[in-house]
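None of the values given here were measured: they were computed from a predicted structure. Within every chain, numbering begins at 1; the chains are lettered A, B, ... in the order of the sequence lines, protein sequences first and strands thereafter. What you see below is based on every heavy atom in this structure, not just the backbone, and it leaves out hydrogens, waters and symmetry mates.
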Amino acid sequence: MTVRTRFAPSPTGYMHIGGMRTALFNWLWARHNNGQFILRIDDTDQQRNMEEALGPILEAFRWLGLDWDEGPEVGGPHGPYFQSQRRPLYDAALADLLQSGKAYRDFETPAETQAQREAAEREKKVYVSSRGSLRLSTEEVAEKVAKGESFVVRLLIPRGDKVVINDHIRGTVEFDCSLMPDPVIARNDGSPLYNFATVVDDAALEITHVIRAEEHLSNTPIQVLLHRALGNKTPEWAHVPYVASPGSKEKMSKRKIDKYRSSPQFQKLFELGDQILSRLGIDSTANDLSPVMVAYYRQVGFLPAGVLNALVRLGWSLDDQTEILSLADMKRKFTLERVIKSAAGLDPDKMLSFQSHWMSQLPSHEKLQGCLSMLKQARLIDDEVDAETRAKVVRVIELAADRLRVFGDIFQLDEFFVADEDLKMDDRNFQKRVVKPDNALPLLQDLRQRLSDTENFSALPLHDLLQEFAAAKKVKAGDVFPALRLCVTGKAQGADLFQTLELLGKTCVLRRLDRGIGLAESQRDT
RNA sequence: GGCCCCAUCGUCUAGUUAGGUCUAGGACAUCGGAUUUUCAUUCCGGUAACAGGGGUUCAAAUCCCCUUGGGGUCACCA
C-alpha cells in the first residue's frame, strides 16, 4: 500500500518552527517510501482572512522546498482540502454514529458539565461523563430536538475497554477507557470538533501514517475509538517529540518569546536577528517575527538547506557520525525507527554551524542573489543593480568569505556600501587604537601621505607599502594596521585589510583617513 | 492533581530492540596550542555524560522494579 502522510495545520498566520519539523518528518517519510504527502487545512474553527492566515504557512513550505501532492493550490482526488469545505462528510459520519448508537445527543448544559467536573476534582475522583441524556427515550430525545433544545454530540466511550496503540516511536501505549469522559464530537449546529473531523478526514484521505507531535498522544485513544466506531482501518501512529526551546525541555511557544530573549542559550540568535532585522527596518522586538517562526530565519537570511539540516537532526540521527545531510540525503535515509523519544531543544549554535557549512557549499551566483536582496532591503544599494555595484558585491562576498553564514552577515561589511559621512565608528576601539596612543596620529598622517603618493592602489603593492612603512617607522604592524582599519571601515576587525583598501579605492580611503584623523584630533583636544 | 510520555558530556546525539567488543563514540559550544596583518577559517590537542537506589546476571548505559527529576495533556481549540 502506498504510504500517505499529511500535515494538517490550522491557519494561524505563521508557521511554527517545531511544526515545520513535524511537517518535514511527514514529508520525508512519504518521499522515502515513494508515497504521497498531503497538506490539509484544519480550519473547523471560524476563520478570519484565509489568505493572511494560510499564506505564511504555504510560504514556509515553498521556501524550504517541501512540495505537497495534494492540498491547497494543487488540489487532488480527495479534495477539497479545507475542513471548512468538507462538512457533508462530517454530517454523514455523524448521522451514522448517532444511528448506530455509538454517539449520543447530550442535553446537559455546559454549566452542568462544568460543575460535575469541579465536583469530581474536589472529591479527587476521575471525571467521566454523567450520561444523563442516555436515559432519555427516543421519543424524549426527538421531542427535545424538535423543541430546539441545545445539545452536543458525544462519542460513547466503551468504558470497559482499553485502547492499545503501537506507536512507531513510543512503542506500546495503553489507555484505560474507564478514565475517559465522552468527548464532544460535534456542536449543536452539527459542526465537527477537531478529533472528529481529523478522524473522518484521515480515513477519507487514506492516510496510512499519522506522524505528529507528542502533544497529540492523549488525543490518540479518542481517535482510535472514533475510527473503530466508524468502521475505519486505523492509521499507524508515530508521535514525535516536540521541539523544545534552547536549553530546556519545554515546548517552544510563540507566547514565551519574552522569556526566550533573556535565555543565555538563545542570546546569540536574538543578537544576530535583532542586528540584521533592524537593518531591514523590521522591529524585531515587536514579536510578530521571532525565532519560533520559520519566516524569521528566512528574513535573517538563513539558507533552507541549513534550517532543514538543523531540523532533521533534532530528534533524528542516521548514525553516530553523520551530521550533514541535504534534503536528498534525508529523503533517502530517513526512517521513523531512528526518531528519538525525548524532546530536543533547538540549538542556535548548531544551527549557525549548519548555516556556515551550507553557505560554503552555495554556488556563488546564489550567494550574490541572497546578499543583493539583503542590501536592497536595507536600502544600501538601489533596486536596480548596475553592473558596477553588482561587481562590487561579488568582491565583497569574496572578501567576506566564511564570515558570511547567513545572508544578513553581509551587513558586517557595510563599509563598502555606506557613504563616508555615514560610516559608524566603533568608538571604544577608535579610542584605544587611534585617539589614545601618542604615535597613532603622526603615523596616520605620514601614512596618508604615502598612500596619496602611491599610484598602484591594489592589494599586493599596498601590503608591501604598509609593511615597509611600519618597518621604516620602526613600529609593529599592530600599531598601524588596526588604526588604519578603524579609520577606513569604522571597525576593529573585518576582512583582509589590503583587499579592503583596494576595493574601497584610493579616493575613498584618503577621504576616510582624513575624516578619522580629524575625528581623533578633535577628541584629543577635549 | 488524574492520565500519558521522557531521562547518556553544557547542547544535539551514537550505543538500549538481539546484555560483554563502551576504560561510552561523533558533532556543536567551550578551553589550550599552531597558522594568519585583525577577525574568521584551517589544523592539532584538552575538559566534559550513563539522574539515584534496588534487583536479575558470571557480566547492565543496555533487562525489571522503585524513587527523583523533567515534560505533555486534561475545552462545545487545533
Salt-bridge criterion met for A/Lys259 and A/Glu250 (N-O under 4.0 Å): yes
Which nucleotide in the set B/rC12, B/rG2, B/rU73 lies at the smallest distance from any side-chain heavy atom of A/Leu314? B/rC12
Sub-4.5 Å side-chain heavy-atom contact between A/Asn166 and A/Thr172: yes
Distance check: side-chain N/O of A/Arg117 vs OP1/OP2 of B/rA75, anything under 4.0 Å? yes
Taking atom C1' of B/rC4 as reference, at what distance in whole Å does atom CD of A/Glu214 sit? 9 Å
Which part of the nucleic acid, if any, lies within reach of A/Gly247 when heavy atoms closer than 4.0 Å are counted: base, sugar-phosphate only, or nothing? nothing
Which whole number of Å gives the distance between the C1' atom of B/rA7 and that of B/rU16? 13 Å
Between B/rA75 atom P and A/Glu108 atom CD, what is the distance in whole Å? 14 Å
Which part of the nucleic acid, if any, lies within contact of A/Arg405, taking any heavy atom under 4.0 Å across all strands shown: a base, the sugar-phosphate backbone alone, or nothing? nothing
For the side chain of A/Phe175, starting at C-beta, report the closest nucleotide among B/rC4, B/rA78, B/rA27. B/rC4
Check ion pair A/Asp42-A/Arg6 (N to O, under 4.0 angstrom): no
So A/Tyr127, base contact, sugar-phosphate only, or nothing? Heavy-atom distance under 4.0 Å. nothing
Any-strand Watson-Crick or G-U partner of B/rA7, both distances under 3.5 Å: B/rU68
So which heavy atom on A/Phe266 is nearest to which on A/Pro291, and how close? CE2-CB, 3.7 Å
Quick one: label A/Glu250 by what it contacts on the DNA or RNA (base, sugar-phosphate, nothing), any heavy atom closer than 4.0 Å. sugar-phosphate
Specify the separation, in whole Å, of atom CD1 of A/Ile222 and atom P of B/rC77. 13 Å
From the set B/rA40, B/rA78, B/rC39, return the single nucleotide nearest to any side-chain atom of A/Asp42. B/rA78
Given B/rC76, B/rA40, B/rC6, the nucleotide with the shortest approach to the side chain of A/Val152: B/rC76
Check every strand shown and say whether A/Asn188 touches a base, only sugar-phosphate, or nothing at a heavy-atom separation below 4.0 Å. nothing
Quantified in whole Å, what is the P atom distance between nucleotide B/rA24 and nucleotide B/rU62? 16 Å
Closest of B/rA78, B/rC28, B/rC6 to the A/Thr44 side chain is B/rA78
Contacts of type salt bridge (charged side-chain N to carboxylate O under 4.0 Å, His left out), residue A/Lys125, not counting sequence neighbours: A/Glu123
Going by purine N1 to pyrimidine N3 plus the second Watson-Crick contact, or the G-U wobble pair, all under 3.5 Å, which nucleotide sits opposite B/rG2? B/rU73
Taking the same atom, C1', in B/rA49 and in B/rC66, what whole-Å distance lies between them? 23 Å
For atom NE2 of A/His239 and atom P of B/rG72, their distance in whole Å: 16 Å
Scan A/Ala495 against the nucleic acid and name what it touches under 4.0 Å (heavy atoms): base, sugar-phosphate only, or nothing. base
Reckon A/Gly315 touches a base, only the sugar-phosphate, or nothing at all at heavy-atom distances under 4.0 Å? sugar-phosphate
Charged N-O contact under 4.0 Å between A/Arg512 and A/Glu415: no
Length of the line joining A/Asn195:CG and B/rC74:C1', which is rounded to integer Å: 12 Å
With sugar-phosphate meaning primed atoms plus P, OP1 and OP2, does A/Glu121 contact a base, only sugar-phosphate, or nothing at under 4.0 Å between heavy atoms? nothing
Between A/Leu193 and A/Pro181, name the one whose nearest nucleotide on RNA chain B is closer to the 5' end. A/Pro181
Does a side-chain N or O from A/Arg212 land closer than 4.0 Å to OP1 or OP2 of B/rG72, or not? no
Tell me what A/Arg122 touches on the nucleic acid: a base, only sugar-phosphate, or nothing, going by heavy atoms under 4.0 Å. nothing
What is the distance, to the nearest angstrom, from the CZ atom on A/Phe266 to the P atom on B/rU11? 16 Å
Give me the distances for all protein-to-nucleotides 29-35 of chain B N/O pairs that come in under 3.5 Å?
none

Flag this pair as yes if the NZ/CZ of A/Lys144 is under 6.0 angstrom from the six-membered ring centre of A/Phe151 and inside a 45 degree cone about the axis; otherwise no. no
Could you tell me whether A/Ala477 contacts a base, only the sugar-phosphate backbone, or nothing, with contacts defined as non-hydrogen atoms closer than 4.0 Å? nothing
Answer with yes or no after comparing the ring centroid distance for A/Tyr194 and A/His216 against a 6.0 Å cut-off, counting only values under it. yes
Contact list (N/O, under 3.5 angstrom) for nucleotides 16-25 of chain B vs protein:
from   : atom 1 : to       : atom 2 : distance (Å)
B/rG25 : N2     : A/Asp320 : O      : 3.3

Ranking B/rC5, B/rG70, B/rC76 by distance to the side chain of A/Arg154, first place goes to B/rC76
Base, sugar-phosphate, or nothing for A/Arg313, non-hydrogen atoms under 4.0 angstrom? base
If you check every side-chain atom of A/Asp347, which of B/rC76, B/rA78, B/rU11 has the closest atom? B/rU11
For A/Leu226 and A/Leu97: C-alpha separation, side-chain torsions, deciding distance, then whether side-chain contact (heavy atoms from CB on, under 4.5 Å) applies. CA-CA 9 Å; A/Leu226 236 14; A/Leu97 255 23; 4.2 Å; yes
Please give the nucleotide sitting opposite B/rA40 as a Watson-Crick or G-U wobble pair, both distances under 3.5 Å, or none. none
P spacing across the pair B/rG45 / B/rG25, given as an integer number of angstrom: 14 Å
Using whole Å, what does the distance between atom P of nucleotide B/rG2 and atom CE of A/Met180 come to? 18 Å
Just to be sure I understand the rule, does A/Pro482 reach a base, reach only the sugar-phosphate, or reach nothing, if contact means heavy atoms closer than 4.0 Å? nothing
Would you mind classifying the nucleic acid contact of A/Lys124 as base, sugar-phosphate or nothing, using non-hydrogen atoms under 4.0 angstrom? nothing
Does the distance from a Lys or Arg side-chain N to an Asp or Glu carboxylate O, for A/Lys268 and A/Glu271, drop under 4.0 Å? no
Between B/rA14, B/rG70, B/rC6, spot the one nearest the side chain of A/Ser317, thanks. B/rA14
Any idea which of B/rC4, B/rG70, B/rU38 is nearest the A/Gln493 side chain? B/rU38
Whole-Å distance, A/His216 NE2 to B/rC6 P, equals 18 Å
Got a salt bridge between A/Asp479 and A/Lys476, using NZ or NE/NH1/NH2 to carboxylate O under 4.0 Å? no
With both distances kept under 3.5 Å, what pairs with B/rU23, Watson-Crick or G-U wobble? none
Mind checking whether A/Arg105 and A/Leu136 have side chains closer than 4.5 Å, heavy atoms only? no
Between B/rG15 and B/rA27, how far apart are the C1' atoms? Round to whole Å, please. 16 Å
Roughly how many Å apart are B/rG26 and B/rC44, using the P atom of each and rounding to a whole number? 13 Å
Taking B/rU38, B/rC12, B/rA78 as options, the one with an atom nearest any side-chain atom of A/Arg403 is B/rU38
Would you mind checking if A/Lys251 and A/Glu214 are paired as a salt bridge, meaning a charged N to carboxylate O distance below 4.0 Å? no
In plain terms, say whether A/Arg40 and A/Asp202 are close enough for a salt bridge, that is, a side-chain N and a carboxylate O under 4.0 Å apart. yes
Once you apply the 3.5 Å cut-off to both distances, tell me the Watson-Crick or G-U wobble partner of B/rC50, or none. none
